[in-house]
Visitor: 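My questions will all concern the structure given below.
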2 protein chains.
Amino acid sequence: MTDPQTDPQTSPQTDAQADPQTDPPGPDPLDTALRLVRAQATLVKRFDAGLSGLHGVSLSDFTMLLRLSEAPGGRMRRVDLAEALGLTASGVTRGLAPLERIGLVTREAAPRDARVAYAALTPTGRERLSEMLTTARQIATDVFTPTQWPPNDLTTLATLLTPLTGPRR
Amino acid sequence: MTDPQTDPQTSPQTDAQADPQTDPPGPDPLDTALRLVRAQATLVKRFDAGLSGLHGVSLSDFTMLLRLSEAPGGRMRRVDLAEALGLTASGVTRGLAPLERIGLVTREAAPRDARVAYAALTPTGRERLSEMLTTARQIATDVFTPTQWPPNDLTTLATLLTPLTGPRR
DNA sequence: AGGCTATACTTGAGTGCTCAAGGAGGTGGC
DNA sequence: GCCACCTCCTTGAGCACTCAAGTATAGCCT
C-alpha cells in the first residue's frame, strides 16, 4: 500500500519549519483535516438514514428545526437562521420550503419591516421535532459508542472541535 | 425584539426522551456530532477556496489525486478508488472526468479484465499534485494554528476521529 | 455450448447546496 | 419629495454528489 515510487515530494519548500526534535510520524495537520472530512461524511450518512427512515427528514432539515426551537418563540428571521447554520440565505429558502409544505414551519411577516419574513416552528413542528430529537440523540450515542472512549474523550472532542466550527457561533 | 415569550421546552437537552435515569450534565453526543459537521463545512470551504484559487481544483479533486498518488504506480481500479474515498463508483466517474479532460489523470484498460478501467496519474498530474500538496499542507496548518493547541492535541484529534471515519479505510 | 449470477463501470434523474442577479422594501441626504 | 444606497429574500443556473437502471464483461455450473 505504501508506495515505493510515488510520493510526489513536496517541493523543497520552507514549510518544514526548523524543528529541533524528531517527529517522523508527527501530527500531520493535513491528514487530520482529511480525516475530519471523512468522519463527517460518515456521520451525515448515518443521521440521514436514521432520521429519514423514522421521520422523513434529512439531517439538515433536523438542524434547521433544532435551531428554530432554540430561538425565543421558536421563530427567527431567515437571514439569522442562515447565519446560525452556516448557510446562505438561499440555502435557507430552499431548505425551509419543504418544511413549510408539510406544516412543520410557517412563514410570518414582521410587523414593522415588510422585507423580513420570520420562519416559525408550528405546534406540529415542535411535536415532531421532539420525536426527532430522541432519534437523533440515539444515533449520536450509537455513533460514538463503539469507539469505547471514556466519556471524557467525548468532551475533549467537542472542545477541540469548537474553535473550528467557523467564524462565529 | 428578543421577546422571551413564555416557552418552556426547547433547551438543548431537557425535554422529551423517556430517560428513566438522568445522566449528570455529561458530554452531549448529539451536540458533539453537530459540531463535527459544522467544523467540516468550514474546513471544506477553506480548502476549496485555497486550492481552486491557486490550482483550479476542488478539495475533492485534490483528495482523488492524493489517493491515486499513494497507490503503486499511481494507478487504481476506479472501484477501489471509490472505496478508498468513501464515494460511490458513480461519484468517481463524475469526479475523474474533468481531471482526465485537463490531463492530470488518464484511463487505462486492464490487460486481463475488460470490465475494469484504471485511473492513473499522468506525469503532469504528479507534478501539479505536488504543488497542490504544499498549498494543502499550508492550509491545514493555518486552520489549526489559531486554535493554539499544543501539537499533542492535533494528534489527539486525529486519534479520536479515526474510528469515526467509516466502515473501513 | 448455454445460461446464471456477479462485477465494473456509465448514465439519467434527483437533491441540496452554491453564487449571481433581481425584486421589493426601508433609510438618509438634500 | 426624491434619489441613491442598503438589507432581506427569492430565483435561475450550476456543481458535486446520490441511487437506480443499463451495458458489457467475467466466470462458474451443468
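Note that the coordinates shown come from a computational prediction; the quantities given were computed from them, not determined experimentally. Proteins get letters first, then strands, A, B, ... in listed order; numbering begins at 1 in each.
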Visitor: Between B/Lys45 and B/Asp48, does any NZ, NE, NH1 or NH2 come within less than 4.0 Å of an OD or OE carboxylate oxygen?
Guide: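 Salt bridge: no.
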
Visitor: Would you say C/dT10 has OP1 or OP2 under 4.0 Å from some side-chain N or O of B/Arg78?
Guide: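 For C/dT10, OP1 or OP2 has a side-chain N or O of B/Arg78 closer than 4.0 Å.
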
Visitor: Take the protein atom CG of A/Asp48 and the nucleotide atom P of C/dT15, then report the distance between them rounded to whole Å.
Guide: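 After rounding, the gap between these two atoms is 14 Å.
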
Visitor: Please state how far atom CG in A/Leu85 lies from atom C1' in C/dT18, giving the value in whole angstrom units.
Guide: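 Those two atoms, CG and C1', are 15 Å apart.
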
Visitor: Does A/Arg128 have any side-chain hydrogen bond (donor to acceptor under 3.5 Å, both in side chains) partners at least two apart in sequence or in another chain, and if so, which?
Guide: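 side-chain hydrogen bond (donor to acceptor under 3.5 Å, both in side chains) list for A/Arg128, sorted by chain: empty.
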
Visitor: Which atoms of nucleotides 1-5 of chain C (N or O only) lie under 3.5 Å from a protein N or O atom, and what are those distances?
Guide:
none

Visitor: Can a side chain N or O of B/Ser60 be found less than 4.0 Å away from OP1 or OP2 on D/dC17?
Guide: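 For D/dC17, OP1 or OP2 has a side-chain N or O of B/Ser60 closer than 4.0 Å.
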
Visitor: Does A/Thr93 contact D/dT11 through a side-chain donor or acceptor facing the base, at a distance under 3.5 Å?
Guide: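 Not at all, since no donor on one side and acceptor on the other fall under 3.5 Å apart.
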
Visitor: Are B/Glu100 and B/Arg78 close enough for a salt bridge, meaning some N to O gap below 4.0 Å?
Guide: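 Judged by the 4.0 Å cut-off on N to carboxylate O distance, B/Glu100 and B/Arg78 do form a salt bridge.
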
Visitor: Ignoring hydrogens, what is the shortest heavy-atom contact between A/Arg38 and B/Glu83? Give both atom names and the distance.
Guide: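 Looking at all heavy atoms of both residues, the closest pair is NH2-O, 3.6 Å.
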
Visitor: Within the distance-only criterion (no hydrogens, no angle test), does the side chain of B/Ser69 pair as donor or acceptor with the backbone N or O of B/Gly74 below 3.5 angstrom?
Guide: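 Pair absent, no side-chain N/O of B/Ser69 close to backbone of B/Gly74.
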
Visitor: Given the ring of B/Tyr118, does B/Arg77 sit roughly above its face, with NZ or CZ under 6.0 Å from the centre of the six-membered ring and within 45° of the axis?
Guide: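 The answer is no; the distance or angle limit is not met.
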
Visitor: Quick check: on DNA chain C, is the nucleotide nearest A/Ser90 upstream (toward 5') of the one nearest A/Asp61, or the reverse? Name the residue that is more 5'.
Guide: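 Upstream on the strand: A/Asp61.
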
Visitor: In whole angstrom, what separates B/Phe62's CZ from D/dA16's C1'?
Guide: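 Distance check: B/Phe62 CZ to D/dA16 C1' gives 18 Å.
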
Visitor: When you measure from every atom of DNA chain D, which of residues 110-120 of chain B have a heavy atom less than 4.0 Å away?
Guide: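 By residue number: B/Arg112, B/Asp113, B/Ala114, B/Arg115.
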
